[in-house]
Amino acid sequence: MKYVHSPLFIFQCLLQGLLIGLFAWLDWNTAEQAVLGGVLLCSVGIPHGANDHLYRQSTTLRGLLAFIGIYLGSMGAYLAVWWVAPAAALVIFFAISLHHFGQSNFENPSVWYLPSLLWGIWLLAFPVLLHWEEALGIFGTMIGGKSVNFSITQTARWGIAAAFSLLYFSVLLRYERENWPRYALQWAVVTAWYWLTPLLFGFIVVFCLWHSMQSLQHQLIYYKATKKGTFRQFAFALLPFGLLALTGFGMYVYFRGFAVGEAFILLSLITLPHILVMHRLYGVFH
Ligand SMILES: CC1=C(/C=C/C(C)=C/C=C/C(C)=C/C=O)C(C)(C)CCC1
């Protein structure tokens, strides 16, 4: 069954609708935003990225150690890229992320599937267009404290967003005609949510609700099919690296506070091997 036809999709739309209503009518302060963001990150955002080891090819201890070695090695190599060429590392982060977000939404193994690419771009570019100065400030800290000055008028940003949305809708009609109304509804609720919310809070909710949840569902389906395991076993299998990641996240926030640029760089390091593992999983799925 395609993800957009699963009960999860209805649940996500209802929850997103409820959050839009609550955010539009109640005045959420930053502490309340941090609580919801934190709960979502700890319950779905972090766990969805903490079970990659379950999909390794060799299930022996040696296989696990090799997997961890390759995982850490690719993180180290990417850190080196951040060190020598931070702007290129930032571009790589956006490129792999948009692929990853699009792939989990359209379940298509191709890197070039147009609806996936456009959806991934929308999830990352629309909040940037809405909060231009703030986003450029964060990019600046990520590439070594440089100021990124790229001025573009608000009208131009609206023009880009409108043209891009039209393109997305026409591509949906061409490639996903049957599921078009569902993806259009998804676009509408996500866009309305971004419109209402501050940059980071808006993105964290979208990341957890519209990426991590469907990703967890795909991982569970794959786990059940390949390991013949149950939901309970899957939940237990999530625990070791899930708890490790949560502890690491807790310690990071406790000792370093939340330096946004640095946190995104750390996220990018963990994200690179995760995306490669998930890309393989979606290939097998198809
Ligand atoms: C840096 C930055 C952004 C991009 C974040 C990205 C690219 C996150 C990717 C996360 C992934 C792929 C997690 C894996 O599961 C925003 C929020 C657009 C704007 C603010 C600064």
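Position 1 is the first residue of the sequence; numbering continues from there. These numbers were taken from a predicted model, which means no experiment stands behind them. For ligands, and for the atoms within them, numbers begin at 1 and follow the listed sequence.
Polar contact with ligand 1: absent for T271 (N/O pair, distance under 3.5 Å).
The contact set between ligand 1 and F139, taken as ligand atoms under 4.0 Å from a residue heavy atom, comprises 1 (C), 2 (C), 21 (C). Close approach to H48 involves these atoms of ligand 1, each under 4.0 Å from a residue heavy atom: 15 (O). Remark: ligand 1 atoms within the under-4.0 Å shell around heavy atoms of F207 are 13 (C), 14 (C), 15 (O). Close approach to S97 involves these atoms of ligand 1, each under 4.0 Å from a residue heavy atom: 7 (C), 9 (C), 12 (C). The distance from ligand 1 to the heavy atoms of F94 drops below 4.0 Å at these ligand atoms: 3 (C), 4 (C). Contact atoms of ligand 1 toward H100: 14 (C), 15 (O) (distance under 4.0 Å to a heavy atom of the residue). Numbered from 1 in the order shown, with element, the atoms of ligand 1 that lie under 4.0 Å from a heavy atom of H211 read 15 (O).
Here I96 has no heavy atoms under 4.0 Å from ligand 1, in either its backbone or its side chain. With a 4.0 Å cut-off on non-hydrogen atoms, I138 touches ligand 1 through its side chain and not its backbone.
Here the heavy atom of the protein found nearest to atom 11 (C) of ligand 1 is F101 CZ, 3.7 Å.
Side-chain atoms of H48 and F207, non-hydrogen and from C-beta on, do get closer than 4.5 Å to each other.
A tilted orientation is assigned to the rings of F231 and F234, their planes being inclined by 30° to 60°.
At least one heavy atom of M142 lies less than 4.0 angstrom from ligand 1. Contact between E134 and ligand 1 is absent, with no heavy atom of the residue lying under 4.0 Å from the ligand.
A side-chain hydrogen bond (donor to acceptor under 3.5 Å, both in side chains) with S104 is found for exactly one of H99, H211, Q214, namely H211. Each of W187, Y168, F101, F169 was evaluated against W119; a single residue qualifies, Y168, per the ring pair (Phe, Tyr, Trp, His ring centres under 6.0 Å) test. For the side-chain hydrogen bond (donor to acceptor under 3.5 Å, both in side chains) test with Y282, the passing option among H100, H218, E107, Q103 is H218; the others fail.
Within a 4.0 Å radius of atom 16 (C) of ligand 1, the protein contributes no non-hydrogen atoms.
Outside the 6.0 Å centre-distance limit, the rings of Y78 and F93 are not counted as a close aromatic pair.
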